[in-house]
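What follows is a single structure, written as structure tokens, with notes after it.
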Protein chains: 2
Amino acid sequence: MRDHAGVTGMQRAELARRTGCNLETVRYYEKVGLLPEPPRTTAGYRSYDGAHERRLRFVLRARELGFSLDEIRELLRLVDERDRPCAEARDVAAVHLADVRAKIADLKRMERVLKDVVAQCGDGTLPECPLIETLFQERNAI
Amino acid sequence: MRDHAGVTGMQRAELARRTGCNLETVRYYEKVGLLPEPPRTTAGYRSYDGAHERRLRFVLRARELGFSLDEIRELLRLVDERDRPCAEARDVAAVHLADVRAKIADLKRMERVLKDVVAQCGDGTLPECPLIETLFQERNAI
DNA sequence: TGTGCAGTCTGTAGCAACTACAGGGTCAAG
DNA sequence: CTTGACCCTGTAGTTGCTACAGACTGCACA
């Protein structure tokens, strides 16, 4: 891990650059309560430190793993408020894992059908397009 | 296939019921140009027939296969305007197939990590939660 | 001291693909 | 002739951002 604790007085652009987060997304996460409002300079500029960076990295990593913002809020609450959050955090992740697996199953079904119709279309010289015919079929043909 | 051609004078609710489409979605698809505006009764009520139903089924089936509304518009244009649309339709599907495969790969990466952390959490009695620790890690650990 | 430019601020609008009202009109049955 | 179930329109909400516009600040350079 990089040094989070030592950094102070970062502006938004530097925080974004250091974390790879989009500049506007930082402000968005603050607005929806995923990140704390940082202190401001006299001119009203946001001033971040290592703790903000660490928290933003947590959010970004959770997003990479497909957690929704609501789920991330829940995980952060567990981080902040509980001594022993492991069981509840595991449950959040288990529910999400089930979602991910369901999505994979959906996409695999799509993939099978698409692969078949693209193959059936061959070089695209058929008078009746198998893809278009498939789309006009009943849906339980999936 | 069910009988599409014979049906006339359907109202929106019946079309929705017959196709399994949400009532409001029918109107939405008309608004965004995926379905033609149907004729109206003197009172201004939409009046659908079998051709509308067939077209809506096409859209719904394409949505089930994950095509975007833009892709579906393109496919419908090929259906309507071309004698031999197979090559172009196949290309639309091939691009979409690549998207689907990329999404599957993304989700499988997520699944691997989630499965591992949930397993590491065990019964949730650990003092340090492996899930939360993982989320505080650098992102290239994925 | 001025001036230019890059940075920051706010609020708002846009994207996909719906979904769900509110507030009104219509129509058939009882 | 009223009741209830349908229909109509427009608009707002959802998720997770992203991209402005228009105003302000702060620093380097002449």
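Since we're looking at a predicted model, the values are computed, not measured. Scope of the values below: all heavy atoms of this structure, side chains included, with no hydrogens, waters or symmetry mates. Throughout, a chain's letter reflects where its sequence line sits, starting with A, and its residues are numbered from 1.
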Just report the end-to-end axis angle for the helix from C:dT1-D:dA30 to C:dG30-D:dC1, five pairs per end, to 10 degrees.
30°

Whole-Å distance separating the [atom1] atom of [X] from the [atom2] atom of [N]:
X       : N      : atom1 : atom2 : result
A:Met10 : C:dG7  : CE    : P     : 17 Å
A:Leu23 : C:dT8  : CG    : P     : 7 Å
A:Asp99 : D:dT15 : CG    : C1'   : 14 Å
B:Leu69 : C:dT19 : CG    : P     : 11 Å
B:Glu14 : C:dC27 : CD    : P     : 17 Å
A:Leu35 : D:dG16 : CG    : P     : 14 Å
A:Asn22 : C:dG14 : CG    : P     : 19 Å
A:Arg17 : C:dA6  : CZ    : P     : 18 Å

Take A:Lys108 and A:Glu111 through the test salt bridge (charged side-chain N to carboxylate O under 4.0 Å, His left out) and record every step on the way to the result.
CA-CA 5 Å; A:Lys108 279 188 173 172; A:Glu111 196 224 348; over 6 Å; no

Contact nearer the 5' end of DNA chain C, comparing A:Lys31 with A:Ser47
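Residue closer to the 5' terminus by nearest nucleotide: A:Ser47.
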
Show the numbers, then the answer: is there a salt bridge (charged side-chain N to carboxylate O under 4.0 Å, His left out) between B:Arg46 and B:Glu30?
CA-CA 11 Å; B:Arg46 289 170 181 82; B:Glu30 285 168 16; 2.9 Å; yes

If the cut-off is 4.0 Å, is [X] near the phosphate of [N], judged by side-chain N/O to OP1 or OP2?
X       : N      : result
B:Arg46 : D:dC7  : no
A:Arg12 : C:dC9  : yes
B:Thr25 : C:dT19 : yes
A:Arg40 : C:dT10 : yes

Proximal nucleotide (of [options]) relative to the [X] side chain:
X       : options                : result
A:Arg27 : D:dT11, C:dA20, C:dT10 : C:dT10
A:Arg63 : D:dG10, D:dC24, D:dC17 : D:dC17
B:Tyr45 : D:dG16, C:dT8, D:dC7   : D:dC7
B:Gln11 : C:dT10, D:dC7, D:dC17  : D:dC7
B:Ala43 : C:dA17, C:dC27, D:dA19 : C:dC27
A:Tyr28 : D:dG16, D:dT11, D:dT9  : D:dG16

I'd like to know if B:Arg109 pairs up with B:Asp106 as an ion pair, taking the criterion as any Lys NZ or Arg NE/NH1/NH2 lying under 4.0 Å from an Asp or Glu carboxylate oxygen.
yes

Please tell me whether B:His96 and B:Asp99 have a donor and an acceptor in their side chains that are separated by less than 3.5 angstrom.
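The criterion, which ignores hydrogens and geometry beyond distance, is not satisfied for B:Asp99 and B:His96.
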
Any luck finding a side-chain donor-acceptor pair between A:Asp123 and A:Thr125 under 3.5 Å?
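Their side chains do contain a donor-acceptor pair, which is all the 3.5 Å distance test asks for.
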
Is any side-chain heavy atom of A:Pro127 closer than 4.5 Å to a side-chain heavy atom of B:Cys86?
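No, their side chains stay 4.5 Å or more apart.
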
From B:Arg54 atom CZ to A:Phe136 atom CZ, the distance as rounded to the nearest 0.5 Å:
4.0 Å

Derivation and outcome, salt bridge (charged side-chain N to carboxylate O under 4.0 Å, His left out), residues B:Arg77 and B:Glu74:
CA-CA 5 Å; B:Arg77 196 183 57 76; B:Glu74 172 73 1; 3.1 Å; yes

With nearest nucleotide decided by heavy atoms, which residue, A:Phe67 or A:Thr41, maps closer to the 5′ end of DNA chain D?
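The residue whose closest nucleotide sits nearer the 5' end is A:Phe67.
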
